[in-house]
Asker: 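Please read through the structure below; I'll follow up with questions.
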Amino acid sequence: MRVAVFGAGYAGLTLARELESALPEEVDLVVVDEDAAHLVQHELHRVVRRPDLAAEIVVDLDEVLDRATVREATVTDVDTAAGVATLDDGDGRSRLDYDVGAVCLGAETNYYDLPGVEAHGTPLKRIVDAERVRAEFFDAVEEAEPDDPVRIVVGGAGLSGVQVSGELAALADDEGVGASTEVVLLERERSVAPRFPENFQRAVADELETRGVRVETDSRVANAGDDAITFADGETMTYGQFVWTGGIRGPDALDGERPVVRNTLRYEDGTFVVGDAGRVVDTNGEAVPASAQAAIREARVAADNVARLVEHERSGSGGFEPRLDGYRFDSVGWLVSVGDGAVAQVGPTVLRGRPAKALKTSVGAGYLSSVGAVENAVDLVREEVGWPDGDEDDSAERRDAN
């Protein structure tokens with residue numbers, strides 16, 4: 001019997017690690033990922049400003065998985081009814097049959113068929129995207145006329161857009177061009193972070209202003225050209241750099257769709273869809289927001305349900321299938337970086353400044369530790385608080401820092 005996990009993002013890695021201990025040894029567990037590595041997506045924006053950080057937020061799957069077989073390939077199609085996936089490993093396509101599978105491929109950037117936006121707007125989904133955003137920033141600064149300000153436009157003020165706009169404003173300050181650089185964050189809705197609580201939205205907007213980011217809400221992009229964006233009302237805005245974080249769609253393996261998935265995370269027969277790849281409805285009938293915390297918790301429920309299906313099928317007893325658990329979304333809070341600042345919401349309380357930044361650092365390090373990447377967690381904290389590389393004087397230096 002074979003269980004396949006497609007994708008190793010937050011949902012896929014969590015699910016695979018849970019299944020390693022939940023499934024019998026004789027069950028073949030396969031994890032398929034295009035890079036055979038896990039990316040800590042919520043820290044990706046920081047690579048724009050600190051490219052060396054890439055090494056700390058990418059984790060090789062072989063280092064954190066014990067018994068799963070890791071296959072490095074792109075999943076190009078999943079026939080969820082037949083239990084068949086098509087893989088492309090660069091040398092050609094192959095077929096992978098599975099008895100129980102989970103699509104954890106995450107979401108891709110949605111350009112909404114807006115003319116020119118995909119061609120000119122750089123997304124932020126992978127390390128190579130962050131490296132490209134950084135390179136384009138320096139190109140824009142270098143190519144600007146001496147007396148002309150550089151305008152950097154970020155389309156989409158969800159958490160990803162908030163973070164990359166804050167990082168670009170901080171990068172401009174770091175490079176001594178903050179006074180001649182304007183970072184503009186566009187949002188079609190009436191507020192930044194439009195899917196989040198109002199007090200969190202207000203705090204994020206205030207933090208963006210503090211960090212030098214100009215926010216333009218109620219701004220609907222109609223199309224983009226080489227150096228200008230046109231809005232739905234006919235107005236235009238020139239730019240030196242254009243970054244697009246305006247929405248998400250489903251993975252290519254699901255034809256760009258994000259199917260609606262019931263609270264058991266079971267989509268069809270032996271196929272589950274977990275994380276941002278689907279639109280999950282929880283036990284309360286509420287739509288679950290696309291987020292890392294939701295993906296991780298969904299994966300834990302899915303792991304129990306997959307194990308029950310596997311046990312039922314291996315028993316050969318027939319009869320009724322086992323009852324599957326349902327997932328209920330209950331957020332513990334929200335976190336977002338804005339340059340050197342941060343905003344955190346814990347329950348009804350919203351934090352800014354050092355407490356929010358410390359909380360975000362601890363959450364990032366805690367997550368890395370939870371998936372077995374302890375060294376990465378230590379290095380991430382060291383980068384954040386400015387500790388030197390580990391040596392015999394390290395503990396003393398840490399005490400001094402406190």
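Treat the numbers as computed from the prediction; the structure is a model and nothing was measured. Counting begins at 1 with the first residue of the sequence.
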Asker: Tell me, with the steps shown, if R71 and D33 meet side chain to side chain contact (heavy atoms under 4.5 Å, CB included).
Answerer: CA-CA 6 Å; R71 292 190 57 175; D33 186 82; over 6 Å; no
Asker: Would you check if L19 and V306 make a side-chain contact, meaning some heavy-atom pair closer than 4.5 Å?
Answerer: yes
Asker: Are any of the side-chain heavy atoms of L309 and R266 separated by less than 4.5 Å?
Answerer: yes
Asker: Is a side-chain N or O of Q163 found less than 3.5 angstrom from the main chain of S337, in a donor-acceptor match?
Answerer: yes
Asker: Assess the residue pair D269 and T80 against the criterion (side chain to side chain contact (heavy atoms under 4.5 Å, CB included)); give the C-alpha distance rounded to whole Å, side-chain angles, the decisive distance to 0.1 Å, and a yes or no.
Answerer: CA-CA 8 Å; D269 296 329; T80 56; over 6 Å; no
Asker: Ion pair present between R308 and E311, side-chain N to carboxylate O less than 4.0 angstrom?
Answerer: no
Asker: Nearest 0.5 angstrom please: R134 CZ to T122 OG1, how far?
Answerer: 15.0 Å
Asker: Going by heavy atoms in the side chains, are R249 and Y111 under 4.5 Å from each other?
Answerer: no
Asker: Quick one: list whatever passes side-chain hydrogen bond (donor to acceptor under 3.5 Å, both in side chains) with S180, sequence neighbours left out.
Answerer: none
Asker: Would you confirm whether D35, through its side chain, and A37, through its main-chain N or O, come within 3.5 Å as a donor-acceptor pair?
Answerer: no
Asker: Under the salt bridge (Lys or Arg N to Asp or Glu O under 4.0 Å) rule, what do R49 and D340 come out as? Steps first, then yes or no, please.
Answerer: CA-CA 11 Å; R49 195 167 153 210; D340 287 326; 2.9 Å; yes
Asker: Going from CD1 on I296 to OG on S370, what distance comes out if it is rounded to the nearest 0.5 angstrom?
Answerer: 6.5 Å
Asker: Could you tell me how the ring of F196 sits relative to the ring of F200: parallel (under 30°), tilted (30 to 60°) or perpendicular (over 60°)?
Answerer: tilted
Asker: Are D206 and R211 close enough for a salt bridge, meaning some N to O gap below 4.0 Å?
Answerer: no
Asker: May I ask you to check whether H42 and Y367 show a side-chain donor-acceptor distance below 3.5 Å?
Answerer: no
Asker: Quick one: ring-ring contact (aromatic ring centres under 6.0 Å, His included) pairs with a partner in residues 65-99, sequence neighbours left out?
Answerer: F6-Y98
Asker: Is R195 salt-bridged to E189, going by a charged N under 4.0 Å from an acidic O?
Answerer: yes
Asker: Tabulate below the donor-acceptor pairs under 3.5 Å that side-chain atoms of residues 213-226 make, not counting sequence neighbours, or state none.
Answerer:
| from | atom 1 | to | atom 2 | distance (Å) |
| --- | --- | --- | --- | --- |
| R214 | NE | E182 | OE2 | 2.8 |
| R214 | NH1 | E216 | OE2 | 2.3 |
| R214 | NH2 | E182 | OE2 | 3.0 |
| S219 | OG | E216 | O | 3.3 |
| S219 | OG | T217 | O | 3.2 |
| N223 | OD1 | T230 | OG1 | 3.4 |

Asker: Donor-acceptor pair, distance only, cut-off 3.5 Å: does the side chain of N110 make one with the backbone of G247?
Answerer: no
Asker: State, yes or no, whether a side-chain contact exists between L96 and V84 at a heavy-atom distance under 4.5 Å.
Answerer: no
Asker: Find the distance between CG (N305) and CG (L15) and round it off to the nearest 0.5 Å.
Answerer: 10.5 Å
Asker: Would you please name every residue forming a salt bridge (Lys or Arg N to Asp or Glu O under 4.0 Å) with E145, sequence neighbours left out?
Answerer: none
Asker: Where do L186 and F231 come nearest, in terms of heavy atoms and distance?
Answerer: CD1-CE2, 3.7 Å
Asker: Counting only N and O atoms by type, is there a donor-acceptor contact under 3.5 Å from the side chain of R17 to the main-chain atoms of V371?
Answerer: yes
Asker: Is it the case that atom CD in E198 sees more than 12 heavy atoms from other parts of the structure closer than 6.0 Å?
Answerer: no
Asker: For Q41 and L124, work out which heavy atoms get closest and say how close.
Answerer: NE2-O, 3.6 Å
Asker: Could you pull out the closest heavy-atom pair between L185 and G156, with the gap in Å?
Answerer: CD1-O, 3.5 Å
Asker: For this output row, return yes or no: ring centroids of Y10 and H38 closer than 6.0 angstrom.
Answerer: yes
Asker: So does E63 get a backbone contact from the side chain of D60, meaning a donor-acceptor N/O pair under 3.5 Å?
Answerer: no
Asker: Within the 4.5 Å heavy-atom criterion, are L324 and N263 side-chain neighbours or not?
Answerer: no
Asker: Side chains of residues 99-108: which donor-acceptor partners sit under 3.5 Å, not counting sequence neighbours?
Answerer:
| from | atom 1 | to | atom 2 | distance (Å) |
| --- | --- | --- | --- | --- |
| D99 | OD2 | R2 | N | 2.7 |
| E108 | OE1 | R126 | NH1 | 3.4 |
| E108 | OE2 | R126 | NH2 | 2.9 |

Asker: Is the number of heavy atoms from other residues, nucleotides or ligands within 6.0 Å of CG (D233) greater than 12?
Answerer: yes
Asker: To check you understand the geometry: which heavy-atom pair defines the closest contact between W334 and S291, and what is its length?
Answerer: CZ3-CB, 3.9 Å
Asker: Stepwise, does the side chain to side chain contact (heavy atoms under 4.5 Å, CB included) test hold for Y239 with H120?
Answerer: CA-CA 11 Å; Y239 66 82; H120 299 288; 3.5 Å; yes
Asker: Please check if atom CD in E209 has more than 12 non-hydrogen atoms from other residues, nucleotides or ligands closer than 6.0 Å.
Answerer: no
Asker: So, for G275 and V280, which heavy atoms are closest and what is the spacing to 0.1 Å?
Answerer: O-CG2, 4.4 Å
Asker: Rounded to the nearest 0.5 Å, what separates atom OG1 in T69 from atom CG in D28?
Answerer: 5.5 Å
Asker: Ion pair present between R297 and D330, side-chain N to carboxylate O less than 4.0 angstrom?
Answerer: no
Asker: Verify, without hydrogens or angle tests, whether D282 (side chain) and G285 (backbone) share a donor-acceptor contact under 3.5 angstrom.
Answerer: yes
Asker: Just so I know, are the side chains of V243 and F137 near enough to count as touching, which here means a heavy-atom distance under 4.5 Å?
Answerer: no
Asker: So do the side chains of L23 and V310 get within less than 4.5 Å of each other, counting heavy atoms only?
Answerer: yes
Asker: When you measure from the side chain of S331 to the backbone of G333, do you find a donor-acceptor pair of N or O atoms at a distance under 3.5 Å?
Answerer: yes
Asker: Do T245 side-chain atoms and G155 backbone N/O form a donor-acceptor pair below 3.5 Å?
Answerer: yes
Asker: How long is the straight-line distance from CD of E298 back to CZ of R328, given to the nearest 0.5 Å?
Answerer: 14.0 Å
Asker: Apply side chain to side chain contact (heavy atoms under 4.5 Å, CB included) to the pair F138 and E175, showing each step before the final yes or no.
Answerer: CA-CA 10 Å; F138 286 105; E175 297 298 320; 3.7 Å; yes
Asker: Looking at residues at least two apart in the chain, or sitting in another chain, which of them share a side-chain hydrogen bond (donor to acceptor under 3.5 Å, both in side chains) with R352?
Answerer: E207, T210
Asker: Where do G339 and A170 come nearest, in terms of heavy atoms and distance?
Answerer: CA-CB, 4.1 Å
Asker: Should we count CZ of R93 as having more than 12 external heavy atoms under 6.0 Å?
Answerer: no
Asker: Heavy atoms, side chains only, cut-off 4.5 Å: are V31 and L65 in contact?
Answerer: yes
Asker: Within this structure, what is the CD-NE2 distance for the pair E167 and H45, rounded to the nearest 0.5 Å?
Answerer: 5.0 Å
Asker: Measure from the side-chain N and O atoms of D77 to the backbone N and O of T86, and report whether any donor-acceptor pair falls under 3.5 Å.
Answerer: no
Asker: Please check if the side chain of D89 supplies one atom and the backbone of D91 the other of a donor-acceptor pair under 3.5 Å.
Answerer: yes
